[in-house]
Amino acid sequence: PYLTHFLADPLFGCQPEVTVTAGGRIFKAFGHMSFRAHQNPVLNKLMAFSAHNGSLLWQRDLKQGFMIHRNTLVATLDALYLADDKSCKVIDAATGQIQDEIRVSPDIADGPVWKWMAVENGLLYALVGGPEVEAPVKPGQAPGIWHWPWAMWPGYDYKNPTNAWGFGRTFLAFNLNTKKVLWSARQDDFVDSRGTCLSGGRLFFYVPEKSLACLDARSGKRVWHAEDASLIEAIGPHDR
């Protein structure tokens, strides 16, 4: 188990990149920036590989302008759930074909953009909100193999929660069989999806430098809310 079983193309990817796996398949979402020319073929690509030998099963283009470095990719035995700034696509895990789409009604949230999601016990949970800073495609020009620079690019400062990547105010729960909304819970402040998680029927979320809270995942009701100064200090400053 601790030996390399295979190496498979693409041997190099781009920035950022998200990987999930289920049912003997590996799914990789490649982002919008490359720093070497040999990385360009995978810019904004979603690719599925065999987990047994690395062979490419299928690939499709990702939505340009949407920053994929977030929790909006969930793999199950037979489906891949992929969300962007329009909807959550239900993709056949074996073929890569879109089977269905889950959309957010405009009267529920600030917008249709999916910020975070998770699946548990047949339910799809999501944090949704308004339009975000665009993630412009940046192809690489330089030849050879090298590292990426320590620089800043548009969107990475997370200054304004109203349009920063992954910030939203409305949590939703969907029944995966019917695609119907079971509950929605709107928060007063913008939630940073990087501090959001789901476990054991409870949904935990963080408002930067202000509060940590928990919802009952079955009802969307608030379980607890903490603004203790020592807690916020322990979590640390809100930085890029």
Note to self: I'd like to know if the side chain of H38 reaches the main chain of G144, judged simply by a donor and an acceptor atom lying under 3.5 Å from each other, with no hydrogens or angles considered.
What the structure shows: yes
Note to self: Checking L176 against V119 for the side-chain contact (heavy atoms from CB on, under 4.5 Å) test, could you report, in this order, the C-alpha distance in whole Å, the side-chain angles of both residues, the deciding distance, and whether it holds?
What the structure shows: CA-CA 9 Å; L176 279 179; V119 172; 3.9 Å; yes
Notebook entry, point to check: Hey, is the main chain of A75 close enough, under 3.5 Å, to the side chain of R25 for a donor-acceptor pair?
Noted result: no
Notebook entry, point to check: Can you check whether W116's main-chain N or O pairs, donor with acceptor, with S193's side chain at less than 3.5 Å?
Noted result: no
Check: Do other residues, nucleotides or ligands put more than 12 heavy atoms under 6.0 Å from the CG atom of L11?
Finding: yes
Next item on the list: Find out whether V223 and L215 are in side-chain contact, i.e. whether some heavy atom of one side chain is under 4.5 Å from a heavy atom of the other.
Entry: no
Check: Which value, rounded to the nearest 0.5 Å, describes the distance between K89 atom NZ and L46 atom CG?
Finding: 11.5 Å
Next item on the list: State, to 0.1 Å, how close A29 and I68 come at their nearest heavy-atom pair, and which atoms those are.
Entry: O-CD1, 3.3 Å
Next item on the list: Starting at NZ of K45, measure out to CG of N40 and round the result to the nearest 0.5 Å.
Entry: 11.5 Å
Check: Taking a hydrophobic cluster as the set of Ile, Leu, Val, Met, Phe, Trp and Tyr residues connected by side-chain heavy atoms closer than 4.5 Å, whether directly or through intermediates, do M33 and W150 fall within one such cluster?
Finding: yes
Note to self: Are more than 12 heavy atoms, taken from residues, nucleotides or ligands other than H69, located less than 6.0 Å from that residue's NE2 atom?
What the structure shows: no
Check: Mind checking whether F35 and W153 have ring centres under 6.0 Å apart?
Finding: yes
Next item on the list: Kindly compute the distance separating OG1 (T72) from CG (L127), expressed to the nearest 0.5 Å.
Entry: 11.0 Å
Checklist line | Within 6.0 angstrom of K221 NZ, more than 12 heavy atoms from elsewhere | finding: no
Note to self: Is it the case that over 12 heavy atoms from other parts of the model lie below 6.0 angstrom from the CZ atom of R202?
What the structure shows: no
Note to self: Please evaluate residues D92 and Q99 with respect to the criterion side chain to side chain donor-acceptor pair (under 3.5 Å), reporting the C-alpha separation (whole Å), side-chain torsions for both, the decisive distance (0.1 Å), and the verdict.
What the structure shows: CA-CA 6 Å; D92 186 300; Q99 296 178 315; 3.1 Å; yes
Note to self: With a 3.5 Å distance limit and no angle check, can you tell me whether R60 reaches the backbone of G96 through a side-chain donor-acceptor pair?
What the structure shows: yes
Margin query: For D84 and K86: C-alpha separation, side-chain torsions, deciding distance, then whether salt bridge (Lys or Arg N to Asp or Glu O under 4.0 Å) applies.
Written below: CA-CA 6 Å; D84 55 28; K86 301 298 182 184; over 6 Å; no
Notebook entry, point to check: Between the main-chain N or O of A142 and the side-chain N or O of R36, is there a donor-acceptor pair closer than 3.5 Å?
Noted result: no
Next item on the list: Under the side-chain contact (heavy atoms from CB on, under 4.5 Å) rule, what do I98 and V90 come out as? Steps first, then yes or no, please.
Entry: CA-CA 6 Å; I98 295 178; V90 183; over 6 Å; no
Notebook entry, point to check: Centre of Y158's six-membered ring, under 6.0 Å away, within 45 degrees of the axis: is that where NZ or CZ of R194 sits?
Noted result: yes
Item checked: Trace of the side-chain contact (heavy atoms from CB on, under 4.5 Å) decision for T196 with V191 -> CA-CA 8 Å; T196 302; V191 174; 3.6 Å; yes
Margin query: Minimum heavy-atom separation for A8 and G54, please, with both atom names.
Written below: CB-O, 3.4 Å
Notebook entry, point to check: Hey, are the side chains of V113 and F66 touching, using non-hydrogen atoms and a 4.5 Å cut-off?
Noted result: yes
Check: When rounded to the nearest 0.5 angstrom, what distance separates OG in S211 from OH in Y206?
Finding: 8.5 Å
Check: Ring centroid separation for Y125 and F174, is it under 6.0 angstrom?
Finding: no
Check: Once you round to the nearest 0.5 Å, how far does CG of D192 lie from CG of D189?
Finding: 12.5 Å
Margin query: Quick check: do M47 and L56 have side-chain heavy atoms less than 4.5 Å from each other?
Written below: yes
Note to self: Do the side chains of R169 and D110 get close enough for a salt bridge, i.e. N-O under 4.0 angstrom?
What the structure shows: yes
Check: Is there a side-chain contact between E227 and I232, using heavy atoms and a 4.5 Å cut-off?
Finding: no
Check: Do side-chain atoms of E120 reach the backbone of S199 as a donor and acceptor pair under 3.5 angstrom?
Finding: no
Notebook entry, point to check: To the nearest 0.5 Å, what is the distance between CD (Q15) and CZ (F30)?
Noted result: 11.0 Å
Check: Do E101 and C88 come close enough that some side-chain heavy atom pair is under 4.5 Å?
Finding: no
Next item on the list: Kindly say whether A185 contributes a backbone atom to a donor-acceptor pair with the side chain of Q187 at under 3.5 angstrom?
Entry: yes
Item checked: Parallel, tilted or perpendicular, as decided by the 30° and 60° cut-offs, for the rings of W224 and F204 -> tilted
Notebook entry, point to check: Quick check: are there more than 12 heavy atoms from other residues, nucleotides or ligands sitting under 6.0 Å from CG of D188?
Noted result: no
Note to self: Would you say that F167 contacts T162 through its side chain, given a criterion of any heavy-atom pair below 4.5 Å between the two side chains?
What the structure shows: no
Next item on the list: Please state whether the rings of Y156 and W165 are parallel, tilted or perpendicular, taking 30° and 60° as the class boundaries.
Entry: perpendicular
Checklist line | Heavy-atom side-chain proximity of L231 to L212 below 4.5 angstrom | finding: yes
Check: Relative to the ring of F205, is the ring of F171 parallel (under 30°), tilted (30 to 60°) or perpendicular (over 60°)?
Finding: tilted
Next item on the list: Find out whether F27 and V18 are in side-chain contact, i.e. whether some heavy atom of one side chain is under 4.5 Å from a heavy atom of the other.
Entry: no
Item checked: Check: T4 side chain, F6 main-chain N or O, donor-acceptor pair, under 3.5 Å -> no
Checklist line | Main-chain N/O of G166 paired with E132 side-chain donor or acceptor, under 3.5 Å | finding: yes
Margin query: Looking at every heavy atom in both S184 and L172, which two are closest together, and how far apart are they?
Written below: CB-CD2, 3.2 Å
Notebook entry, point to check: Salt bridge or not for E17 and K28, using N-O below 4.0 Å?
Noted result: yes
Notebook entry, point to check: Between Q97 and I91, is a side-chain contact (heavy atoms from CB on, under 4.5 Å) present by the stated rule, with each step listed?
Noted result: CA-CA 5 Å; Q97 298 300 310; I91 299 173; over 6 Å; no
